[in-house]
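A quick write-up on the structure given underneath.
The analysis underlying the following values was restricted to heavy atoms, covering all of them including side chains, and did not include hydrogens, waters or symmetry mates. Count residues from 1 along the sequence.
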Amino acid sequence: MAVLAKIRQRSALLIGVIALALFAFIIQDLFTRGSFGQSSKDVGSIDGKDISFEDFRVKVSNVEKSGQGITSTEAANRVWDQEVSIALLSSQFDKLGLRVGEKHLLEVLKSDPNIGKNPMFLNAAGAFDVAKFKEYFKANPEAAQYISEKEKDAELNAKFQIYSTLVKAGLYTTVSEGKLKYEMEANKVNFAYAAALYSSIKDSEVKISDSDIVDYMKKNEKKFKADATREIQYVLVEDKASKEDEAEIKSKITALLNGRVEYNAKTGKNDTLPGFRNATNIAEFVNSNSDVPYDSTYVPKNALPALDADKLFSLPAGAIYGPYIYGRYYAISKSLGFKAGVNAKASHILIGYEGSQTPNQKEKRTKEEAKAKAEEILAQVQANPDSFMMLAFTSSDDSSAQQGGDLGYFGPNQMVKPFNDFVFSNGIGKVGLVETPFGFHIIKITDKQDGIRLATIAQKIEPSEATSDKVFTLATKFEMDAAKKDFNATAKELGLKVAPPVTAKAMDEAFGPLGNQRNIIRWAYDKETSVGDVKRFEIANIGHVIAQYKSENKSGLVSVTVARPYVEPILKNKKKAELLKAKMTGSTIEAVAKSAGVAVQQATNVTMDNPVLPGGVGQEPKVVGNAFALTANKISAPIEGNTGVYVVKNISTIKAPAPANHAEYVAKVKAQSASDASRILPALKANAKIEDNRLQFNY
């Protein structure tokens, strides 16, 4: 008997067992995590400054309710990052003694359009009126609470503006840096070189161990610094339809094509029920037999399933196509006829005016002025239709101006009525002028799509109960066996594949290709979970994930699994370099090239600012730098470059004449370093003592 059937037979017993287990879990949870045994009332601390859980919880809840469609973990991560940033920056503000006055706060508040552009706070000239602003909040105590919160944010923003200005003012570029920039751009070198490329040695000839990668990371710790992580390996047992299930669904949907005889218990007679071919009420028939409701709209060819679009679109009225697979469904479709011009494509130039829904922000126009301008543009377009795109770029008040006025395809009644009526009442190429609440539109109809109306019965391809039982039995067996034996060997015995391990941080949500599976990561970080533990998770619409907590990485470096794709090629090239250098012997460039089995090549007018070698080799700054360092006719020792080992011979170095001043190049370097101020926060975080207790609160 199937496993699910056994479960059903024991449902009453199971309910009792589950209730007892749940009660035990709640009691345990109260002692281990809840009010009886909470180890901390703070969700974390930054340099000794605590973040209370209650304040944090309220902020997370507010972010969740903000309508941005983010998960609770995403909200917690966002609020945590914000709290860390505010704490670190506030500490800097306090050390510097930064203060802001009312005038500065008002300037920050005014930058919020809800305040600065609010008609309640504007004077007769349309400018922000401080007296009106203050009077409003004085007369409205409830609103005063709102502005009080706003002022806190405004104070932080104002202080940050001052702080950021101070930091940027402290960044400067010297004349020496400008001089170096000039020389790197202007000085040139000509040289000959012999290149033994790394690609000449097969990757299989050099092996890189895990310890090699760890040693490299330790020597380059800043590049590979990371939070503590846990590695989780897993097996996915998919709960999907078998071939037998698919065949049954296909057979079932095919049977709907023709009528069937069914016994009527009320009349005591057999009724002949119509099939899909001859059903009179097609909508009712579809809705009674399909997992997808009847859709009466006409659809263009490009909206049909790609593989079957040609055949579906060419169906004559009354003809049937299928069964065919459409995504996760088996489907049959019946043509209910064609209709011309179901969708249209148009471009427009919008001329707004004061009082319309899209007024021009730079040029204030009356309605009469806007109409006159629209008529002038219409005349230009009619005289030269090819000018439409450029006129849209330069004149339209709509965001579509950036696309030359192109609005793409749209269906009937998606646009306001005057616009809709013009487009769907005229042919391709027609240009005209209409007025809507948004302003005056110069419209050009650029294309139309014909459509077909299909009645489609679609039934989902999903596993039968018998198939799901087998999947559940297999997943459960693997879970039990893997808990006692080797995870990988057990998977192999049962014909299952172990997926590449997932390396997860404590507050991650994404679990490899399976997306958001926060419950698996939370389990791996639970203090009750030990290395080697195995647990099965049921994933809706996917199947069963059997996970094993494989290892923990407390080193402060990323895991070897994560680092290998980046580090391995570097270390392989280093090993290859030693093999290649051993070959590159000789007192002349020609002799070196011969010993390495390569040809001597030439590089001309190469600069340090653009150290690219000819022939598609790419950038080789070490090679070019060595060429500059040599005197004429001297050859270098072997140089480990990006793509191989090089020996170079300087032919000539051409030094550019010194300019009157280096101001232009000082400005270039200054522009390149303008973003350096953005590195403040990462630097503060790297040096801070941050304690994160969010896991204690089940985030």
Heavy-atom distance under 4.5 Å between the side chains of [X] and [Y], does that happen here?
{"X": "Ile351", "Y": "Ile442", "result": "yes"}
{"X": "Val342", "Y": "Asp450", "result": "no"}
{"X": "Ser347", "Y": "Ile443", "result": "no"}
{"X": "Thr436", "Y": "Gln357", "result": "no"}
{"X": "Leu391", "Y": "Val381", "result": "yes"}
{"X": "Asn698", "Y": "Arg522", "result": "yes"}
{"X": "Glu155", "Y": "Val108", "result": "no"}

**Asked** Between Asp310 and Lys301, is a salt bridge (charged side-chain N to carboxylate O under 4.0 Å, His left out) present by the stated rule, with each step listed?
**Response** CA-CA 8 Å; Asp310 288 335; Lys301 185 177 179 179; 2.6 Å; yes
**Request:** Kindly indicate, with the supporting measurements, whether the criterion side chain to side chain contact (heavy atoms under 4.5 Å, CB included) is fulfilled by Ile461 and Tyr329.
**Result:** CA-CA 5 Å; Ile461 301 170; Tyr329 295 85; 5.5 Å; no
**Trace of the salt bridge (charged side-chain N to carboxylate O under 4.0 Å, His left out) decision for Glu102 with Lys134** = CA-CA 12 Å; Glu102 182 184 274; Lys134 289 183 177 179; 3.0 Å; yes
Please report the interatomic distance [atom1]([X]) to [atom2]([Y]), rounded to the nearest 0.5 Å.
{"X": "Met507", "Y": "Ile521", "atom1": "CE", "atom2": "CD1", "result": "10.0 Å"}
{"X": "Ile452", "Y": "Leu336", "atom1": "CD1", "atom2": "CG", "result": "8.5 Å"}
{"X": "Ile325", "Y": "Lys250", "atom1": "CD1", "atom2": "NZ", "result": "8.0 Å"}
{"X": "Asp81", "Y": "Ile86", "atom1": "CG", "atom2": "CD1", "result": "11.0 Å"}
{"X": "Ile520", "Y": "Glu509", "atom1": "CD1", "atom2": "CD", "result": "12.5 Å"}
{"X": "Ile115", "Y": "Lys117", "atom1": "CD1", "atom2": "NZ", "result": "13.0 Å"}

Can a donor-acceptor pair be found, under 3.5 Å and without considering hydrogens, that links the side chain of [X] to the backbone of [Y]?
{"X": "Ser290", "Y": "Ala458", "answer": "yes"}
{"X": "Asn420", "Y": "Asn413", "answer": "yes"}
{"X": "Ser673", "Y": "Asp676", "answer": "no"}
{"X": "Lys110", "Y": "Phe128", "answer": "no"}
{"X": "Asn289", "Y": "Val286", "answer": "no"}
{"X": "Ser387", "Y": "Asn384", "answer": "yes"}
{"X": "Arg518", "Y": "Tyr699", "answer": "yes"}
{"X": "Glu363", "Y": "Asn360", "answer": "no"}
{"X": "Asn426", "Y": "Lys430", "answer": "no"}
{"X": "Asn516", "Y": "Ala510", "answer": "no"}

Can you give me the closest heavy-atom contact between [X] and [Y], atom names plus distance?
{"X": "Asn343", "Y": "Pro300", "answer": "ND2-CG, 3.5 Å"}
{"X": "Ala75", "Y": "Glu64", "answer": "CB-CG, 3.7 Å"}
{"X": "Ile249", "Y": "Glu462", "answer": "CD1-N, 3.7 Å"}
{"X": "Arg328", "Y": "Asn541", "answer": "NH2-O, 4.3 Å"}
{"X": "Ile428", "Y": "Lys448", "answer": "CD1-N, 3.7 Å"}
{"X": "Ser72", "Y": "Val60", "answer": "O-CG1, 4.1 Å"}

Would you say [atom1] of [X] has more than 12 non-hydrogen atoms from neighbouring residues, nucleotides or ligands within 6.0 angstrom?
{"X": "Leu307", "atom1": "CG", "value": "no"}
{"X": "Lys311", "atom1": "NZ", "value": "no"}
{"X": "Glu248", "atom1": "CD", "value": "no"}
{"X": "Lys685", "atom1": "NZ", "value": "yes"}
{"X": "Gln414", "atom1": "CD", "value": "yes"}

**Request:** Using the side-chain hydrogen bond (donor to acceptor under 3.5 Å, both in side chains) rule, take Thr467 and Asp245 through it: C-alpha gap first, then chi angles, then the decisive distance, then the call.
**Result:** CA-CA 8 Å; Thr467 298; Asp245 294 336; 2.6 Å; yes
**Request:** Answer yes when Asp112 and Lys150 have at least one side-chain N-carboxylate O distance shorter than 4.0 Å, and no when they do not.
**Result:**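 Judged by the 4.0 Å cut-off on N to carboxylate O distance, Asp112 and Lys150 do form a salt bridge.
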**Message:** Quick one, Gln403 with Asp406, criterion side-chain hydrogen bond (donor to acceptor under 3.5 Å, both in side chains). Give me CA distance, side-chain angles, the key distance, then yes/no.
**Reply:** CA-CA 5 Å; Gln403 290 79 46; Asp406 184 16; over 6 Å; no
**Asked** Is the distance between the ring centroids of His348 and Phe419 less than 6.0 Å?
**Response**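 Yes, ring centres under 6.0 Å apart.
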**Asked** Using a distance-only test with no angle check, is there a side-chain donor-acceptor pair under 3.5 angstrom linking Ser468 and Asp239?
**Response**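 Yes, because at least one side-chain N or O of Ser468 sits under 3.5 Å from a partner of the opposite role on Asp239.
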**Message:** Pairing donors with acceptors under 3.5 angstrom, does anything connect the side chains of Tyr409 and Asn302?
**Reply:**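 No, no side-chain donor-acceptor contact under 3.5 Å.
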**Whether Tyr324 and Tyr321 hold their rings parallel, tilted or perpendicular, with breakpoints at 30° and 60°** =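 Geometry flag for Tyr321 against Tyr324: tilted rings.
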**Message:** Before you tell me yes or no, could you show the steps for Lys367 and Phe440 under side chain to side chain contact (heavy atoms under 4.5 Å, CB included), namely the whole-Å CA-CA distance, both residues' side-chain angles and the distance that decides it to 0.1 Å?
**Reply:** CA-CA 9 Å; Lys367 184 175 181 179; Phe440 292 94; 4.0 Å; yes
**Asked** Between Ser396 and Asp398, is a side-chain hydrogen bond (donor to acceptor under 3.5 Å, both in side chains) present by the stated rule, with each step listed?
**Response** CA-CA 5 Å; Ser396 182; Asp398 187 55; 5.4 Å; no
**Message:** Determine whether Glu135 and Lys132 satisfy the following criterion, salt bridge (charged side-chain N to carboxylate O under 4.0 Å, His left out), listing intermediate values before the conclusion.
**Reply:** CA-CA 5 Å; Glu135 188 61 34; Lys132 277 191 172 186; over 6 Å; no
**Message:** One pair to check against side chain to side chain contact (heavy atoms under 4.5 Å, CB included): Glu238 and Leu236. What are the steps and the verdict?
**Reply:** CA-CA 6 Å; Glu238 290 186 86; Leu236 171 62; 3.8 Å; yes
**Message:** What verdict does the side chain to side chain contact (heavy atoms under 4.5 Å, CB included) test give for Ile349 and Met389, after you've listed the backbone C-alpha separation in whole Å, the side-chain angles of each residue and the deciding distance to 0.1 Å?
**Reply:** CA-CA 9 Å; Ile349 300 168; Met389 181 179 287; over 6 Å; no
**Message:** By the ring pair (Phe, Tyr, Trp, His ring centres under 6.0 Å) test, which pairs, at least two apart or in different chains, include something from residues 280-314?
**Reply:**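 Sorted pair list: Phe276-Phe285, Phe313-Phe338.
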